[in-house]
Number of protein chains: 2
Amino acid sequence: MQLKKYTDYGLRILMYLGAKDGAEAHERLTTIKDICETFSLSSNHVNKVVHHLGRLQLIETRRGKNGGFFLAKAPNEIRLDYVIRQLEGDEPWIECHNPYCVALPACELKGIVARGKELFYDYLREFTLADLLKKRGQLQQIFSTAS
Amino acid sequence: MQLKKYTDYGLRILMYLGAKDGAEAHERLTTIKDICETFSLSSNHVNKVVHHLGRLQLIETRRGKNGGFFLAKAPNEIRLDYVIRQLEGDEPWIECHNPYCVALPACELKGIVARGKELFYDYLREFTLADLLKKRGQLQQIFSTAS
DNA sequence: TATAATATGCATTATTCATGTATCTTTGAT
DNA sequence: ATCAAAGATACATGAATAATGCATATTATA
Ligand code: SF4
Ligand code: SF4
């Protein structure tokens, strides 16, 4: 019972992008290499997460020389429940089929767990990327010295 | 992001025990074999879960011939949050060390997820095994015909 | 004393996550 | 035009953990 690193990497990437400043898009362009160096991660993995974030239209990616990516929305429009649900995958927390459980027709448990899961996400729904950037200055400093 | 089958097996075992009736302890004795046949599970795995439930003092186990196990508490005294926390293991849902994440000192995320996790368990805390036995009759029927 | 049950430790398999390699495509700079 | 730098994509490998299997010890009862 733990979030995938994949999901956390996605959030780190968003935090990195959100912490950056610069009015012009090209000033804000970040590359996969930047992320990897900052967080000491595998470029392949980050590659996939970045691609995923792009498909979700949370970031905009630019191929080719001088390419990179940047936030496609304002931080306060990026809700954490959405990000985590999408990156993590939104399957039920208990698998009752596969193989089929005989108790299923009379089981109260699956509903309770499912409701608990929704409460978890309801809570996350109260937060956006902007909330993760409260210590923006400190983040900037960490990211600039990390590489 | 899914509960382990191990955990669900534990809850199934408790449901099975709770659905049984019979005033005397020996009438209520269930064996690992019973569980395995009812749910079509591996006896080794069930073995371990039963042992675990015994250590948690949720069931009482009896070794030797005519042995088995039975609920050590009333169903309404067995809280779901406790069972799931114990069987599942109560680790954080995000691992920030191992390897160490540079953002940690300025990270708001880990706290948010940790709080969400607690809300999940807070919700489970409202339920006990008794709530899982609402359709007790139907469960009894299922369990008696399953084997 | 034989037998039926749980207890326990270790080995193996399966699944999923994480990572690596290679190649393609796009884009800007030279 | 050509090259190089970036993400996109597909596939392969490795690592971690969950799930299962096997063997044996221990205990209690008939
Ligand atoms: S016991 Fe309930 S929750 Fe668990 S697998 Fe069966 S139906 Fe699903
Ligand atoms: S980003 Fe925050 S939550 Fe994720 S690993 Fe780093 S410190 Fe932990």
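Each chain gets a letter, A, B and so on, in the order its sequence line appears, and its residues count up from 1. Since the model is a prediction, treat every value here as computed from it, not as a measurement.
- For an aromatic pair to be called close, the ring centres must be under 6.0 Å apart, and Y9(B) with Y16(B) fails this.
- The distance from atom CD1 of I32(A) to atom P of dT9(D) is 12 Å, rounded to the nearest whole Å.
- The distance between atom CZ of R62(A) and atom P of dA29(C), rounded to the nearest whole Å, is 13 Å.
- Side-chain atoms of E88(B) never come within 3.5 Å of backbone atoms of R85(B) as a donor-acceptor pair (strictly under, hydrogens ignored).
- E95(B) has its CD atom 13 Å from the P atom of dA16(D), to the nearest Å.
- In this structure, N66(A) places its CG atom 12 Å from C1' of dT30(C), rounding to the nearest Å.
- Residues K20(A) and T30(A) bring a donor and an acceptor atom of their side chains to less than 3.5 Å of each other.
- Side-chain N/O atoms of H51(A) include none lying less than 4.0 angstrom from OP1 or OP2 on dG7(D).
- Under the side chain to side chain contact (heavy atoms under 4.5 Å, CB included) criterion, N66(B) pairs with no residue, sequence neighbours left out.
- Summarising the local packing, CD of Q57(B) is surrounded by 12 or fewer heavy atoms from other residues, nucleotides or ligands at distances under 6.0 Å.
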Could you pull out the protein-nucleic contacts involving nucleotides 19-27 of chain D (nitrogen or oxygen on both sides, under 3.5 Å)?
from: dA19(D); atom 1: OP1; to: K5(B); atom 2: N; distance (Å): 2.8
from: dT20(D); atom 1: OP2; to: Y9(B); atom 2: OH; distance (Å): 3.4
from: dT20(D); atom 1: OP2; to: H45(B); atom 2: ND1; distance (Å): 2.9
from: dT20(D); atom 1: O4; to: K48(B); atom 2: NZ; distance (Å): 3.1
from: dG21(D); atom 1: OP2; to: S42(B); atom 2: OG; distance (Å): 3.4
from: dG21(D); atom 1: O6; to: K48(B); atom 2: NZ; distance (Å): 2.8
from: dC22(D); atom 1: N4; to: N44(B); atom 2: OD1; distance (Å): 3.1
from: dT26(D); atom 1: O2; to: R63(B); atom 2: NH2; distance (Å): 2.8
from: dT27(D); atom 1: O4'; to: R63(B); atom 2: NE; distance (Å): 3.4
from: dT27(D); atom 1: O2; to: G64(B); atom 2: N; distance (Å): 3.3

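- Rounded to an integer number of Å, the gap from CD of E91(B) to C1' of dT17(D) is 11 Å.
- Using a 4.5 Å cut-off between side-chain heavy atoms of Ile, Leu, Val, Met, Phe, Trp and Tyr, with links allowed through other members, F70(B) and I59(B) fall into different hydrophobic clusters.
- Taking atom CE of M1(A) as the reference point, atom P of dA18(D) lies 12 Å away to the nearest angstrom.
- When the P atom of dT6(C) is taken as reference, atom CD of E60(B) falls 14 Å away, rounded to whole Å.
- The distance between atom NZ of K33(A) and atom P of dA4(D), rounded to the nearest whole Å, is 16 Å.
- T61(B) has a side-chain polar atom (N or O) that falls below the 4.0 Å cut-off from OP1 or OP2 of dA7(C).
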